[in-house]
Amino acid sequence: MIQPPLAERRPTTRVHHGDVVVDDYEWLRDKEDPATLAYLEAENAYAQHQTAHLAELREQIFDEIKSRTQETDLSVPVRHGDWWYYTRTHEGQQYAIRCRCPITDRDDWTPPSPDGQTPVDGEEVLLDANVEAQGHAFFSLGAFSLSDDDTLLAWSVDTSGDERYTIRVKDLRSQETLGDAITGAAAGATWSADGSYLFYTVVDDAWRPFQVWRHRVGADEADVLVFEEPDERYFVGVGRSQSERYLVISVSSKITSESRVLEADDPTGAFRVVLPRREGVEYGVEHVVVDGRDHFLLLHNEGAPNFELALVPVEDPTQRTVVIAADETTRLDDVDVFQRFVAVSYRREALTRVGIMRIVDGGFGPLEEIPFEENLFSCGVGANAEWDPPFLRLGYTSFVTPGSVYDYDLASGALLLRRRVPVLGGYDPDHYRQERGWATADDGTLVPLSIVYHRDTPRDGTAPALLYGYGAYEVSIDPGFSIPRLSLLDRGVVYAVAHVRGGGELGRHWYENGKLLAKRNTFTDFIACARHLVEEGWTTSERLVAEGGSAGGLLMGAVANMAPDAFAGILAEVPFVDALTSMLDPSLPLTVIEWDEWGDPLHDPEVYAYMKSYSPYENVGPHAYPQICAVTSLNDTRVLYVEPAKWVAKLRSIAVTDQPIVLKTEMSAGHGGVSGRYAAWRERAWELAWILDTAGAANAP
């Protein structure tokens with residue numbers, strides 16, 4: 001019988017604001033220490049031993065995922081210039097292949113719809129990621145950017161998981177890869193209008209994109225630093241407006257932003273600030289032409305927490321005309337601008353929406369919302385690469401409807417279904433149900449839940465259940481279809497999402513009430529959702545598993561301490577469970593920019609005390625815990641492996657429990673886990689088998 005690893009205690013002391021803390025496991029931060037790697041390998045061996053009885057179930061689930069997935073497939077082509085662009089997948093291959101085929105009829109905007117099994121007439125393979133990934137244990141494609149005339153391709157790859165990419169350039173006329181190789185870049189790459197220059201960002205030692213550089217393609221000359229942001233709170237990005245008229249540098253912290261623009265046909269010119277940054281004001285710009293004049297559409301939150309859309313002249317952005325006024329019930333999220341219309345993405349009643357405003361003489365027509373019929377769904381603007389299309393490409397999904405691609409006909413208002421992800425094996429959406437629930441939080445706030453289940457699952461308190469949560473950064477966990485999830489639903493598991501405060505489901509106030517000194521609302525909301533599932537007869541605490549990753553992993557660690565009796569098990573993926581230690585160290589990746597989300601405990605004693613009151617690692621106690629499974633990656637640059645490693649070590653030393661606690665570390669991946677679809681399916685099958693076993697459903701048919 002293998003025993004759980006016990007990490008050596010090597011006490012270190014830290015003192016902040018007069019508070020003395022002794023940390024026995026901080027030494028695990030040094031991954032160059034052979035003892036650290038030995039400990040992680042021992043934990044992997046223990047996790048393998050503890051889950052060995054699930055090997056057959058894991059294989060069953062993997063086979064189910066594989067058998068339901070059309071492995072050889074084709075995406076819906078997107079039109080740009082003289083070409084249709086799309087991706088292919090082939091059975092047995094881990095990665096997608098990027099392709100294009102020529103447009104044969106300029107007046108026909110209907111995308112070609114081959115069956116995915118046969119070649120497309122005139123098809124060109126632009127990038128085969130399977131070839132690029134050969135010889136690498138990890139592979140991630142970052143940029144995939146075409147010059148305006150479709151003759152040059154810039155792409156970037158990361159082969160270690162540390163999110164530092166190498167950018168290369170291919171001449172699509174000759175199929176020759178040029179000698180350009182930009183190393184140490186962030187993921188993206190943006191072309192100048194004439195295709196002579198690439199703009200890209202690089203990250204600092206804290207993995208913060210902080211500089212924009214200009215690279216002259218094919219030239220033997222040094223790249224030019226275009227912009228540098230010294231303030232560690234701000235991330236930097238560079239891209240193009242939808243019209244392709246402007247290059248745009250975006251500078252943003254968690255609460256403040258600034259945009260700089262430059263005509264894309266003047267790549268060596270100087271970027272100019274649209275509106276100077278003001279603390280607490282966020283804005284973004286998109287180029288639009290109204291009455292023959294260049295304007296920017298300004299999406300901003302100045303005096304408008306849920307954001308307002310305004311029209312401003314390019315030459316004087318301080319002169320604003322309100323296009324869509326702020327609304328307490330509607331959170332404006334984004335705008336996509338075209339020659340004849342604007343697509344507006346927004347959120348109302350915890351659901352995403354898309355509306356169309358037509359550009360008319362003098363401004364804009366009324367907002368026309370595109371209707372969808374399901375009670376729970378997600379919709380959004382898809383890939384639209386042309387400036388003057390007759391259709392708007394949309395994406396749509398729900399818990400029971402597989403991912404779908406529509407073209408919205410601007411002339412008729414019809415939704416034309418171009419593709420719905422096939423689910424093999426006879427999937428019938430009528431066998432499943434989805435509904436909205438509302439839990440009552442400790443302070444009386446109603447917290448929405450989204451629930452999906454098989455129609456034959458009893459609602460008598462006997463069903464196993466999985467409750468997922470995130471609750472940070474104003475990120476919303478919207479309804480979406482999942483083939484792997486069917487392996488849970490078909491075994492009688494009720495799947496629920498807790499839309500807790502800290503997310504963005506109900507607007508900016510929902511986010512504000514789950515961050516900084518209101519962060520505990522995120523945790524108590526989740527616990528209230530767990531209690532609600534039991535009270536409403538969906539499940540029992542003995543059969544309820546909780547799941548969350550990254551900032552959602554912080555949520556998992558917090559509720560494990562606050563309400564361990566509410567769950568049979570907790571799955572924490574790349575979990576941010578040592579939050580206070582990380583936020584006290586500005587030398588760590590991304591710490592300073594995160595102070596706007598969590599607070600600055602290094603300089604503020606009130607924030608220090610508040611974070612210490614909930615940080616999972618700080619609050620591990622001598623009480624019974626449910627089963628816990630922590631999953632992490634050695635090369636993660638966002639949530640370092642040391643956080644779950646320390647957490648598990650401390651749980652082992654303090655918790656009074658006979659429930660197994662396991663730590664599984666992927667030794668060659670980053671924050672997103674393993675790469676390759678088959679590897680990802682096996683990883684998810686491993687997690688789902690653990691969930692089923694913990695919920696007492698491993699033997700379900």
Side-chain angles (χ1 to χ4, degrees), residues 47-48 51-76 86-99 114-118 128-134 136-141 397-405 419-429 431-432 452 454 466 468 480-493 495 547 549 571 573 629 631 633 664 666 668-669 672-693 695 697-701:
Q48 182 178 3
T51 60
H53 65 290
L54 299 175
E56 184 177 347
L57 178 58
R58 289 196 294 265
E59 200 62 30
Q60 288 176 4
I61 295 172
F62 174 80
D63 288 343
E64 289 166 7
I65 296 171
K66 191 171 183 291
S67 66
R68 288 174 173 139
T69 302
Q70 185 166 300
E71 298 177 67
T72 299
D73 208 353
L74 193 78
S75 68
V76 179
Y86 52 94
T87 61
R88 278 190 173 279
T89 56
H90 286 287
E91 183 176 355
Q93 294 185 344
Q94 293 272 23
Y95 302 99
I97 303 169
R98 304 294 185 106
C99 307
D115 58 12
Q117 312 296 315
T118 55
D128 187 340
N130 300 286
V131 174
E132 297 292 322
Q134 288 179 5
H136 300 290
F138 178 90
F139 176 85
S140 175
L141 179 66
T397 186
S398 78
F399 285 117
V400 299
T401 302
S404 307
V405 175
R419 183 178 189 268
R420 179 159 288 153
V421 172
V423 183
L424 307 183
Y427 171 74
D428 186 346
H431 290 174
Y432 306 88
V452 60
H454 194 282
L466 175 63
Y468 183 87
F481 188 80
S482 166
I483 284 179
R485 189 191 301 135
L486 295 177
S487 294
L488 295 180
L489 302 182
D490 288 351
R491 288 174 171 84
V493 176
Y495 180 88
E547 179 185 10
L571 174 60
E573 298 144 328
C629 177
V631 178
S633 297
K664 181 173 178 286
E666 173 56 50
S668 61
V674 296
S675 64
R677 56 176 176 165
Y678 295 105
W681 295 349
R682 288 203 176 276
E683 182 72 10
R684 190 55 179 161
W686 192 96
E687 295 171 347
L688 294 182
W690 184 89
I691 290 168
L692 288 166
D693 186 49
N699 297 319

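Starting from 1, each residue takes its place in the sequence as its number.
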Handout entry: From CH2 (Trp690) to CZ (Arg58), nearest 0.5 Å
Key = 13.5 Å
Practice task
Show your working on salt bridge (charged side-chain N to carboxylate O under 4.0 Å, His left out) between Glu573 and Arg684 and close with a plain yes or no.
Solution key: CA-CA 11 Å; Glu573 298 144 328; Arg684 190 55 179 161; 3.6 Å; yes
Problem - Shortest non-hydrogen separation from Val493 to Leu466 and the atoms involved - result: CG1-N, 3.9 Å
Exercise for the section: Assess whether side chain to side chain contact (heavy atoms under 4.5 Å, CB included) is satisfied between Arg419 and Leu74, documenting all intermediate values. Expected result: CA-CA 10 Å; Arg419 183 178 189 268; Leu74 193 78; 6.0 Å; no
Handout entry: Shortest non-hydrogen contact from Leu54 toward Ala689
Key = CD1-O, 3.7 Å
Practice task
Indicate yes or no for a side-chain donor-acceptor contact from Gln94 to the backbone of Tyr678 under 3.5 Å, with no hydrogens or angles considered.
Solution key: yes
Problem - Side-chain donor-acceptor pair present, Asn130, His90, cut-off under 3.5 Å - result: no
Practice task
Work out which heavy atom in Leu424 is nearest to a heavy atom in Ser67; give both atom names and the distance.
Solution key: CB-O, 3.3 Å
Exercise for the section: Please check if atom CD in Gln48 has more than 12 non-hydrogen atoms from other residues, nucleotides or ligands closer than 6.0 Å. Expected result: no
Problem - Ion pair Arg98/Glu132, N-O distance below 4.0 Å - result: no
Handout entry: CD on Gln60 to OG on Ser487, rounded to 0.5 Å
Key = 9.5 Å
Problem - Side chains of Pro422 and Asp73 in contact at under 4.5 Å (non-hydrogen atoms) - result: yes
Practice task
Would you please say whether a donor-acceptor pair under 3.5 Å links the side chains of Glu547 and Tyr495?
Solution key: no
Problem - Pairwise distance CG(Leu688) to CD(Glu683) - rounded to 0.5 angstrom - result: 10.5 Å
Practice task
For Gly480 and Phe399, work out which heavy atoms get closest and say how close.
Solution key: O-CD2, 3.6 Å
Practice task
Decide yes or no for His431 and Asp490: does some side-chain heavy atom of the first lie under 4.5 Å from some side-chain heavy atom of the second?
Solution key: no
Handout entry: Arg682 bridged to Glu59 by N-O distance under 4.0 Å
Key = yes
Exercise for the section: For atom CG of Asn699, decide whether the heavy atoms of other residues, nucleotides or ligands shown that lie under 6.0 angstrom number more than 12. Expected result: no
Handout entry: Heavy-atom pair with the smallest gap, counting every atom of His454 and Leu489
Key = CB-O, 3.4 Å
Exercise for the section: Please test Cys629 against Glu687 for side chain to side chain contact (heavy atoms under 4.5 Å, CB included), starting from the C-alpha separation and ending with a verdict. Expected result: CA-CA 9 Å; Cys629 177; Glu687 295 171 347; over 6 Å; no
Exercise for the section: With the side chain counted from C-beta on, respond yes when Phe481 and Val423 share a heavy-atom pair under 4.5 Å apart, and no when they do not. Expected result: yes
Problem - Side chain to side chain, Phe139 and Gln134, heavy atoms closer than 4.5 Å - result: no
Handout entry: Pairwise side-chain contact, Thr51 with Lys664, heavy-atom cut-off 4.5 Å (strictly under)
Key = no
Problem - Rounded distance [0.5 Å steps], CH2 in Trp681 versus CD1 in Ile483 - result: 7.5 Å
Handout entry: Residue pair Glu71 / Gly92: nearest heavy atoms and the distance that separates them
Key = OE1-N, 3.9 Å
Handout entry: Heavy-atom side-chain contact between Tyr432 and Ser398 under 4.5 Å
Key = no
Handout entry: Sub-4.5 Å side-chain heavy-atom contact between Tyr427 and Leu486
Key = yes
Problem - Minimum side-chain heavy-atom gap Leu57-Arg491 below 4.5 Å - result: yes
